[in-house]
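Accompanying notes for the structure given below.
All values derive from a computational prediction rather than experimental measurement.
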Amino acid sequence: QWGGVFQLNLAAFQTDYEDMQLFIFATTPSGNFTQLTRNAADAEISGIEAEFVWQITDMFQLSGSYANISSELVNAQIDTDGDGGFENFNGTRPDNTSDYTATLVASFNVPLSNGSNLDFRADWRAHSDVYDDIGEDPNRRHDSYNVLGARATWTSASDRYAVSVWGRNLTEEEYTINVGPYQPNLNQLNFSYAEPRVIGATLSVAF
């Protein structure tokens with residue numbers, strides 16, 4: 001901490017998993033397509049994390065975070081197609097594990113003369129690509145993305161009433177939140193996308 005206006009938190013970590021449980025979509029010997037839970041691999045994960053809060057003025061605050069992660073499966077010999085043969089996934093990333101994440105938030109608070117309050121907030125989120133399944137299949141990859149949001153809120157002097165106008169994904173970033181799994185017999189993937197730009201308003205009353 002510096003001068004009561006700036007705080008920085010740093011962390012480094014190393015995690016070793018043994019018999020890591022993985023959810024695996026597989027074809028069973030009988031030909032059925034199902035999701036299995038298996039103690040299928042070991043994993044090594046390490047990284048650094050940083051977060052800060054900077055009270056630049058009485059009304060203006062800047063905060064953010066960043067994480068950089070290195071991860072890989074170890075001793076990962078897994079049968080995913082039910083044929084009795086084991087596939088080698090050593091050195092690949094576990095599913096839904098990012099290389100980095102980052103956030104940045106700016107907030108501006110304006111006290112009004114009648115005791116009510118105006119608060120303005122803008123936020124940015126970034127995320128690296130991830131894979132929706134083990135093996136780093138390029139067809140099951142979520143691309144990296146950057147998302148912007150903003151909110152303006154008026155709060156009454158009694159804190160009973162609040163009115164907000166807000167927007168999410170203001171730049172209409174197109175990114176997936178689910179890919180797959182492959183559909184049995186069709187070998188097709190289902191895709192689910194994050195919401196587009198959404199703008200709205202919220203009225204809150206506390207009782």
For this session: Kindly write out the residues that satisfy side-chain contact (heavy atoms from CB on, under 4.5 Å) with D58, not counting sequence neighbours, or none if the list is empty.
Result: none

For this session: Output the distance between atom CD1 (I134) and atom OG1 (T97), rounded to the nearest 0.5 Å.
Result: 11.5 Å

Exercise. Quick one: does R125's side chain get under 4.5 Å of T101's, heavy atoms only?
Worked result: no

Exercise. When clusters are formed from ILVMFWY side-chain contacts under 4.5 Å, directly or step by step, what else is grouped with Y66?
Worked result: Y100

Exercise. Which pairs, with at least one residue in residues 5-15 and sequence neighbours excluded, count as a salt bridge (charged side-chain N to carboxylate O under 4.0 Å, His left out)?
Worked result: none

Exercise. What salt bridge (charged side-chain N to carboxylate O under 4.0 Å, His left out) pairs are there with at least one residue in residues 196-207, not counting sequence neighbours?
Worked result: E172-R197

Exercise. Do D143 and Y175 have side-chain heavy atoms sitting under 4.5 Å apart?
Worked result: no

Exercise. Rounded to the nearest 0.5 Å, how far apart are OG of S107 and CZ of R151?
Worked result: 13.0 Å

Problem set entry | Shared hydrophobic cluster for L104 and L148 (ILVMFWY, side-chain gaps under 4.5 Å) | yes

For this session: Report the residues that fulfil side-chain contact (heavy atoms from CB on, under 4.5 Å) with N9, sequence neighbours left out, ordered by chain and then residue number.
Result: Q7, E51

For this session: Would you mind listing the cluster partners of W166? Hydrophobic ones only (ILVMFWY), side-chain contacts under 4.5 Å, chaining allowed.
Result: V198

For this session: Would you give the length of the straight line joining atom CD of Q55 to atom CZ of F60, rounded to the nearest 0.5 angstrom?
Result: 9.5 Å

Output side-chain donor-acceptor pairs under 3.5 Å for residues 111-120, partner residues at least two apart or in another chain, one line each.
| from | atom 1 | to | atom 2 | distance (Å) |
| --- | --- | --- | --- | --- |
| N114 | OD1 | S116 | N | 3.0 |
| N114 | OD1 | S116 | OG | 2.6 |
| S116 | OG | W154 | NE1 | 3.2 |
| N117 | OD1 | N109 | ND2 | 3.3 |

Problem set entry | By side-chain contact (heavy atoms from CB on, under 4.5 Å) - contacts of D129 (at least two apart) | R93, D99, Y131, R141

For this session: Please report the shortest heavy-atom distance between T92 and G135, naming the atom on each side.
Result: OG1-N, 4.1 Å

Problem set entry | Taking every non-hydrogen atom, the tightest pair across Q77 and N88 | NE2-OD1, 3.2 Å

Problem set entry | Partner set under side-chain contact (heavy atoms from CB on, under 4.5 Å) for T176, not counting sequence neighbours | H142, V179, F191, Y193

For this session: Taking all heavy atoms of A76 and all of N90, pick out the closest pair and write down the distance.
Result: N-OD1, 2.6 Å

Exercise. Shortest non-hydrogen contact from S98 to I69?
Worked result: O-CB, 3.6 Å

Exercise. When the ring planes of F6 and W54 are compared, do they come out parallel, tilted or perpendicular, using 30° and 60° as the limits?
Worked result: perpendicular

Exercise. Are any non-hydrogen side-chain atoms of N178 and D132 less than 4.5 angstrom apart?
Worked result: yes

Seminar exercise, completed: Closest non-hydrogen contact found for D159 with A206 is O-CB, 4.3 Å

For this session: Considering non-hydrogen atoms only, spot the tightest contact between N169 and E195 and give its length.
Result: ND2-O, 3.0 Å

For residues 10-19, please give each side-chain donor-acceptor pair under 3.5 Å, one per line with the distance, not counting sequence neighbours.
| from | atom 1 | to | atom 2 | distance (Å) |
| --- | --- | --- | --- | --- |
| Q14 | NE2 | D16 | OD1 | 3.1 |

Problem set entry | side chain to side chain donor-acceptor pair (under 3.5 Å) involving E49 - partner list, sequence neighbours excluded | none

For this session: State, with a plain yes or no, whether a side-chain heavy atom of V205 is found less than 4.5 Å away from one of R160.
Result: yes

Exercise. Under a 4.5 Å cut-off applied to non-hydrogen side-chain atoms, are D42 and M20 in contact?
Worked result: no

For this session: Under the side chain to side chain contact (heavy atoms under 4.5 Å, CB included) rule, what do D123 and T103 come out as? Steps first, then yes or no, please.
Result: CA-CA 7 Å; D123 58 84; T103 62; over 6 Å; no

For this session: Indicate if L62 and V110 have the same hydrophobic cluster label, given that clusters are the connected sets of ILVMFWY residues with side-chain heavy-atom separations under 4.5 angstrom.
Result: yes

Exercise. H127: what forms a ring-ring contact (aromatic ring centres under 6.0 Å, His included) with it, not counting sequence neighbours?
Worked result: Y145

